[in-house]
Protein chains: 2
Amino acid sequence: MEYEQLKLDNQLCFRLYTAARLTIGAYHPYLDPLGITYPQYLVLLVLWEQDKQPVNDIAHKLFLETNTVTPLLQRMEKAGLVMRTKGKEDTRQRIVSLTKKGIEMREQAKHIPDCLSDEIIQITGEEEEFVRMIPSLDKLIAGLKQNNQQLNK
Amino acid sequence: MEYEQLKLDNQLCFRLYTAARLTIGAYHPYLDPLGITYPQYLVLLVLWEQDKQPVNDIAHKLFLETNTVTPLLQRMEKAGLVMRTKGKEDTRQRIVSLTKKGIEMREQAKHIPDCLSDEIIQITGEEEEFVRMIPSLDKLIAGLKQNNQQLNK
DNA sequence: TACTTTTGCATCGTGAACGATATAAATTTG
DNA sequence: CAAATTTATATCGTTCACGATGCAAAAGTA
């Protein structure tokens, strides 16, 4: 049993990785008609909560690097969902704001979380089990974020 | 509060997506010295459990599509970790087997799961909380797998 | 046996993710 | 105030992830 630990079955990360991919897959039927991807949907969620944010703030809220978010925003700009304007106080900043199309998409998207919740309930019989997971995931995310950052110093 | 549902904080998927990315990030210090990526590590886990498997079996165990796994295996072959030979009974199949280098890497990797467990314990104070998540994640994965498959029919 | 369908794998194109690096503007320091 | 440093964003290269498509071998069917 020397290599017992190396069994795929024993691994938490593999579960997270797979569950994330498959859950994102479950968004496809709802996001495809809108012509957006899941990461683009996340950017819209951030901007719907507060319009006109610099790239860095968006990246920070999504726990992503700016070199991931920049091309994402460029594609969203090309798709007519957002505009990127130079910052006024700090000209290094790019302020990202929603276009009319981006604002209007909120209405089309507002049912999506309910649809996903329903699907999870339908899969599992109960919702509670997954609501209970959320604080644990938040704790994990906060801890890993800190650990990974310390490595880069 | 019409759009309350859209708030990022309410989303399970975002947690899974972020936790998965950051956990994979936590593997970097252990995988970089071996010169492999996390998905490549997963392929090795599968092959260490059972050598000589067709592409399809590997993909299935990882819940990935073959068009993801094929290029992954091609890179691993170029790196000298695996060999891909034509199947004997079914010549359409490609049987993937470990090279000497791939077999030997098991010894170097065997401590990794313990290291990650320790890190999670250190982050959160206790392991139980995350062990408890595993059956829920498995239930979610199984359900989503079935749902997504039905969409492709 | 000829024909159709399915299966196993590969290729291509697009969109993330992210490390490394670049660049210009702001900030700090001497 | 000039020089060094930090910050905000962008660019580039590599590796996934996956839908769409292609192709040859196997399996099923008339």
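In what follows, chains carry the letters A, B, and so on, assigned in the order in which the sequence lines appear, proteins first and then strands, with residues in each chain numbered from 1.
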Listed partners of B:E49 passing salt bridge (charged side-chain N to carboxylate O under 4.0 Å, His left out), at least two apart: none
Strictly below 4.0 Å: does A:T70 bring a side-chain N or O up to OP1 or OP2 of D:dA10? yes
Taking only distance into account, with no hydrogens and no angle test, what donor-acceptor pairs under 3.5 Å do side-chain atoms of residues 76-86 of chain A form with protein atoms, sequence neighbours excluded?
unit_1 : atom_1 : unit_2 : atom_2 : d
A:E77  : OE1    : A:R84  : NE     : 3.1
A:E77  : OE2    : A:R84  : N      : 3.3
A:T85  : OG1    : A:I95  : O      : 3.4

Using the test side chain to side chain donor-acceptor pair (under 3.5 Å), find all partners of B:E128 that sit at least two apart in sequence or belong to another chain. none
When we call it a touch if two heavy atoms are under 4.0 Å apart, what does B:F63 touch: a base, just sugar-phosphate, or nothing? nothing
Please enumerate all residues that pass side chain to side chain donor-acceptor pair (under 3.5 Å) together with B:S136, with sequence neighbours excluded. A:E129
Tell me which pairs pass salt bridge (Lys or Arg N to Asp or Glu O under 4.0 Å) where either residue lies in residues 50-59 of chain B, with sequence neighbours left out. none
Under the side chain to side chain contact (heavy atoms under 4.5 Å, CB included) rule, collect the residues that match up with A:P135, sequence neighbours excluded. none
Mind running a 4.0 Å heavy-atom check of residues 30-54 of chain B against DNA chain C and sending the residues that fall below it, in number order? B:P54
What residues 96-104 of chain B contributes to the DNA chain C interface at heavy-atom separation below 4.0 Å is none
Taking only the side-chain heavy atoms of B:Q74 (C-beta and beyond), determine which of C:dA10, D:dT9, C:dA16 contains the nearest atom. C:dA10
Under the ring pair (Phe, Tyr, Trp, His ring centres under 6.0 Å) rule, what pairs show up with a residue in residues 34-74 of chain B, not counting sequence neighbours? A:Y17-B:Y38, B:Y27-B:Y38, B:Y27-B:Y41
In numerical order, the residues of residues 75-93 of chain B whose heavy atoms come under 4.0 Å of DNA chain D are B:R75, B:E89, B:D90, B:T91, B:R92
I want to check one thing: is the phosphate of D:dC16, taken as OP1 and OP2, less than 4.0 Å away from some side-chain N or O of A:Y17? no
Heteroatom pairs (N/O) under 3.5 angstrom, protein to nucleotides 21-23 of chain C:
none

Is the shortest side-chain N/O distance from A:R94 to OP1 or OP2 of D:dA8 below 4.0 Å? no
Going by distance alone, is a donor N or O of one side chain under 3.5 Å from an acceptor N or O of the other, for A:N56 and A:Q93? no
Return the value, rounded to whole Å, for the distance between atom CD1 of A:I58 and atom C1' of D:dA8. 13 Å
Holding to side chain to side chain donor-acceptor pair (under 3.5 Å), I want the full list of residues that pass it with B:R92, two or more places apart in sequence or in another chain. B:D90
